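The structure under discussion appears below in the form of structure tokens.
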Amino acid sequence: MNSLVKICGITTPDAMTAAIESGADFVGLVFHPASPRYLAIEVAAYLAGYVPESVKKVGLFVDPSEDQLALTLSSVRLDMIQLHGQESPDRVAEIRLKFGLPVMKALSIGEKSDLTQIDLYASASDWLLLDAKGTKEMPGGNGLAFDWALLDGFESPRPWMLAGGLTPETVAQAISRLTPTSVDVSSGVESSRGVKDVAKIRAFIEAAKTA
């Protein structure tokens, strides 16, 4: 089965159109103010407005407050909430219950012991996202990869996305080795930090879908 594809950190109509037309399964909108891909709610609502139902719209938040989630969801039609901060399993479950949307929890992987987080979050989340370790301000989207050997033999209890430093040149190898449910890319399809490259988006999706 082919891997699904998520293009995250979309900020312009051109990038959104390229992702949709090339066959992305998920598109990510970032609501973390420290990110160069951060979107004001009005812009996010506009971009989300013409995404077909077949493509899932994912909102990325970092340790969001109830107010931030409620305000965003009142204006932006999201299909999934991605939590990329220090949210506890209880907090993930609380958000999932309160807002009635599937929740994906991002987990930072740097060494084998980090995999113990997976069982803690599996029952609270609908999806898991395994990413390289970032910083407190920028927990993801840094173009960093982790050692894929840490996941050799890994079987996830939930559907999962592989993230961290993927590019059009490396995504097929990643899929072949790890068979993730989906791959997730942001900086790997950019011409400069925060600026998506339409040609790279198309190349990434094609490489992933033909892997």
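A quick note: this is a predicted structure, and the numbers were derived from the prediction, not measured.
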- Taking the six-membered ring for Trp, are Phe26 and Trp127 parallel (under 30°), tilted (30 to 60°) or perpendicular (over 60°)? perpendicular
Could you tell me if [Y] and [X] have a donor-acceptor pair between their side chains, going purely by distance under 3.5 Å?
{"X": "Ser186", "Y": "Arg37", "answer": "yes"}
{"X": "Arg202", "Y": "Ser22", "answer": "yes"}
{"X": "Thr167", "Y": "Thr170", "answer": "yes"}

So, [X] side chain and [Y] main chain: donor-acceptor pair closer than 3.5 Å or not?
{"X": "Arg158", "Y": "Ala122", "result": "yes"}
{"X": "Thr12", "Y": "Ala15", "result": "yes"}
{"X": "Arg77", "Y": "Ala48", "result": "yes"}
{"X": "Lys98", "Y": "Glu66", "result": "no"}
{"X": "Tyr50", "Y": "Pro13", "result": "yes"}
{"X": "Lys196", "Y": "Ser191", "result": "no"}
{"X": "Asp114", "Y": "Glu111", "result": "yes"}
{"X": "Thr210", "Y": "Glu206", "result": "yes"}
{"X": "Asp131", "Y": "Leu107", "result": "no"}
{"X": "Thr181", "Y": "Trp160", "result": "yes"}

Could you check whether any side-chain heavy atom of [X] comes within less than 4.5 Å of a side-chain heavy atom of [Y], counting everything from C-beta outward?
{"X": "Thr11", "Y": "Val30", "value": "no"}
{"X": "Leu115", "Y": "Leu151", "value": "yes"}
{"X": "Phe204", "Y": "Leu166", "value": "yes"}
{"X": "Lys56", "Y": "Met80", "value": "no"}
{"X": "Ile118", "Y": "Leu128", "value": "yes"}
{"X": "His84", "Y": "His32", "value": "no"}
{"X": "Val58", "Y": "Cys8", "value": "no"}
{"X": "Asp90", "Y": "Glu94", "value": "no"}

Is [Y] reachable from [X] through a run of hydrophobic residues whose side-chain heavy atoms are each under 4.5 Å from the next?
{"X": "Val171", "Y": "Val198", "answer": "no"}
{"X": "Leu60", "Y": "Val195", "answer": "no"}
{"X": "Tyr121", "Y": "Leu150", "answer": "yes"}

Nearest atoms (heavy-atom pairs only) where [X] meets [Y]:
{"X": "Gly85", "Y": "Val62", "result": "CA-CG1, 3.8 Å"}
{"X": "Leu71", "Y": "Ser74", "result": "O-OG, 2.7 Å"}
{"X": "Asn2", "Y": "Ala211", "result": "OD1-O, 4.2 Å"}
{"X": "Gly188", "Y": "Pro168", "result": "O-CD, 3.5 Å"}

- Message: If the threshold is 4.0 Å, N to carboxylate O, is there a salt bridge linking Lys200 and Glu190?
- Response: no
- Query: Should we count CD of Gln68 as having more than 12 external heavy atoms under 6.0 Å?
  - Reply: yes
- Other residues, nucleotides, ligands: >12 heavy atoms within 6.0 Å of Tyr46 OH: no
Pairwise distance [atom1]([X]) to [atom2]([Y]) - rounded to 0.5 angstrom:
{"X": "Phe61", "Y": "Ile81", "atom1": "CZ", "atom2": "CD1", "result": "6.0 Å"}
{"X": "Leu78", "Y": "Thr72", "atom1": "CG", "atom2": "OG1", "result": "7.5 Å"}
{"X": "Leu178", "Y": "Ser156", "atom1": "CG", "atom2": "OG", "result": "12.0 Å"}
{"X": "Glu42", "Y": "Leu47", "atom1": "CD", "atom2": "CG", "result": "12.0 Å"}
{"X": "Ile95", "Y": "Leu97", "atom1": "CD1", "atom2": "CG", "result": "11.0 Å"}
{"X": "Phe154", "Y": "Lys112", "atom1": "CZ", "atom2": "NZ", "result": "9.5 Å"}

- Message: Let's go through Ile41 and Val76 carefully: what are the C-alpha distance in whole Å and the side-chain angles of both, what is the deciding distance for side-chain contact (heavy atoms from CB on, under 4.5 Å) to 0.1 Å, and is it a yes or a no?
- Response: CA-CA 7 Å; Ile41 288 177; Val76 186; 4.0 Å; yes
- Task: Using side-chain hydrogen bond (donor to acceptor under 3.5 Å, both in side chains) as the criterion, list what pairs up with Asp152, not counting sequence neighbours.
- Result: Arg177
- Task: Sequence neighbours left out, what passes side-chain hydrogen bond (donor to acceptor under 3.5 Å, both in side chains) with Lys6? Give chain and number order.
- Result: Gln82, Asp184
- Show your reasoning for whether side-chain contact (heavy atoms from CB on, under 4.5 Å) applies to Lys209 and Asp25. CA-CA 11 Å; Lys209 294 292 185 181; Asp25 302 282; 2.6 Å; yes
- Message: Please determine whether side-chain contact (heavy atoms from CB on, under 4.5 Å) holds for the pair Gln173 and Trp148, giving the CA-CA distance in whole Å, both sets of side-chain angles, and the decisive distance to 0.1 Å.
- Response: CA-CA 10 Å; Gln173 180 189 355; Trp148 295 341; 4.0 Å; yes
- Task: Begin from the C-alpha positions of Asp197 and Val189 and carry the test side-chain contact (heavy atoms from CB on, under 4.5 Å) through to its verdict.
- Result: CA-CA 6 Å; Asp197 183 304; Val189 291; 5.8 Å; no
